[in-house]
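Structure first, commentary second.
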Amino acid sequence: MAEVVRNVLVAALCCSGIVFFLGGTVGLLRCPDLYARLHPSTKCDTLGACSVILALIILSGFSMVVLKLLAVTFFLMLSSAVCGHAIGRSAFKSGVVPWHKPGVEPLPPMEVEEP
Amino acid sequence: MRAGSLARRFIQSLPLALVLFIFWVIFTARFNWHHLLLGAVVSLLLSWLSFYLLAGRLDPHLNAHMALRFPVFAALLFWEIIKANWDVLKRIFAPSFPISPQIVEFDSYLESDIAKTVLANSITLTPGTVTIEIKGSKFFIHCLHDDFTEDPGSGTLQRMTAWLLQEGPPEMRRLR
């Protein structure tokens, strides 16, 4: 019985991970510009990977593997956040103008540093 | 170099050695006495050597209290990530694709570099918002939609960071 519950949990988490990955890819294809593409590609993918790793944690049972997988999750989140920020910042510094919805005014006057 | 300063550096490097040793234990996953001994020797040597060469110390914010608060912070952050991710996912799969990106800026009351780093990374991890640039205390955030512009400024995340590192106005250092 416990085996069945565990398998169902693992399958559900893997499936939700796949949904997040799919969302990330679809968002990447639908978004209009670089800044908007950062959102789905860095974060939906992170959460997808996290739920797959969570499934692996449940599958492996309690052992040292759990700690290793948690460390993997931590570094995955850290690196994806940092690289999303790095891409956005370098684009902003080199003067890539963000896309706005037609008819929507940009909020503050944008200050882009001269290179 | 005097013996006293060498000994002081050794004592200062002990927290780093402890962190390295914990990672050693996690990654080797063996509890034989010779594995543990080897890990202890290597981590002590490495931390002493890096202090000797770089003369740096761990940021004073990274103490035991912060390490105890971190799991709570991580759990709260994960919940925020799931909520916001669900919202972004709904937008991505909606046929009308309701996004309207804006760059917003807000002033943060956090002072130290490490607090700003934690806040910027948390904002970037929360879907719908990416930290583009930090100048002084000003954060520039790219938001996928106007609905997401509220949170980075008013701040669940900023409040969580203030609680984690005990910075900013005292009334903000509590979770609720």
Side-chain angles (χ1 to χ4, degrees), chain A residues 16 19-20 22-36 38-40 42-44 46-48 50-51 63-68 70-71 73-74 77-78 80-93 98-108 110-113, chain B residues 22-23 25-31 70-71 74 77-78 81-106 117-135 138-146 148-149:
Chain A
S16 69
V19 169
F20 283 123
L22 184 70
T25 313
V26 170
L28 189 69
L29 293 173
R30 289 189 82 181
C31 277
D33 75 336
L34 186 147
Y35 297 103
L38 283 178
H39 297 278
T42 57
K43 285 157 309 191
C44 290
T46 313
L47 194 60
C50 281
S51 45
S63 64
M64 288 303 278
V65 179
V66 172
L67 288 177
K68 276 188 210 181
L70 282 178
T73 316
F74 176 73
M77 290 184 129
L78 195 64
S80 95
V82 168
C83 85
H85 165 68
I87 294 172
R89 183 167 186 261
S90 54
F92 187 70
K93 285 215 156 187
W99 177 87
H100 288 97
K101 206 174 189 174
V104 176
E105 286 298 306
L107 276 181
M110 282 236 323
E111 296 165 20
V112 180
E113 271 182 13
Chain B
I22 289 170
F23 272 99
V25 171
I26 288 174
F27 289 131
T28 56
R30 290 199 172 81
F31 295 103
F70 187 75
L77 180 64
F78 203 68
I81 290 173
I82 290 172
K83 273 197 303 190
N85 227 316
W86 177 244
D87 203 19
V88 171
L89 215 59
K90 273 193 301 194
R91 278 173 207 282
I92 285 172
F93 284 124
S96 58
F97 201 38
I99 65 166
S100 162
Q102 288 279 15
I103 290 187
V104 298
E105 55 171 288
F106 73 92
T117 313
V118 170
L119 178 59
N121 275 339
S122 315
I123 288 174
T124 306
L125 270 178
T126 319
T129 48
V130 171
T131 313
I132 297 290
E133 175 71 299
I134 305 171
K135 277 180 193 156
K138 272 200 164 57
F139 279 60
F140 294 81
I141 315 284
H142 186 270
C143 297
L144 202 54
H145 192 269
D146 297 344
F148 297 119
T149 55

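Nothing here was measured: the structure is a model prediction, and the numbers come from that model. Here is how names work: the chains are called A, B, and so on, in the same order as the sequence lines, proteins then strands, and each is numbered from 1.
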Judged by atom type as modelled, is there a donor-acceptor pair below 3.5 Å linking the side chain of [X] to the main-chain atoms of [Y]?
X	Y	result
H85(A)	T131(B)	yes
R91(B)	I99(B)	no
Y35(A)	V130(B)	no

Can you tell which part of I82(B) gets under 4.5 Å to a heavy atom of chain A, answering side chain, backbone, both or neither?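 Contact with chain A involves both backbone and side-chain atoms of I82(B).
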Under 4.5 Å from any heavy atom of chain A, what part of L89(B) do you find: side chain, backbone, both or neither?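 Side chain only.
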Would you mind checking which part of A36(A) comes under 4.5 Å of any heavy atom in chain B, side chain (CB onward), backbone (N, CA, C, O), both or neither?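 A36(A) touches chain B through backbone and side-chain heavy atoms alike.
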Considering only heavy atoms, which portion of L22(A) lies under 4.5 Å from any heavy atom of chain B: side chain, backbone, both, or neither?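 Contact with chain B: backbone and side chain both.
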Top residue by heavy-atom pair count (under 4.5 Å) with chain B, among G84(A), C44(A), G88(A)?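 Option with the top pair count is C44(A).
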Once rounded to the nearest 0.5 Å, what's the spacing between atom OG1 of T126(B) and atom NE2 of H39(A)?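 Going from OG1 on T126(B) over to NE2 on H39(A), the span is 11.5 Å.
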Out of curiosity, C50(A) SG to K43(A) NZ, how far, rounded to the nearest 0.5 Å?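 The distance works out to 13.5 Å.
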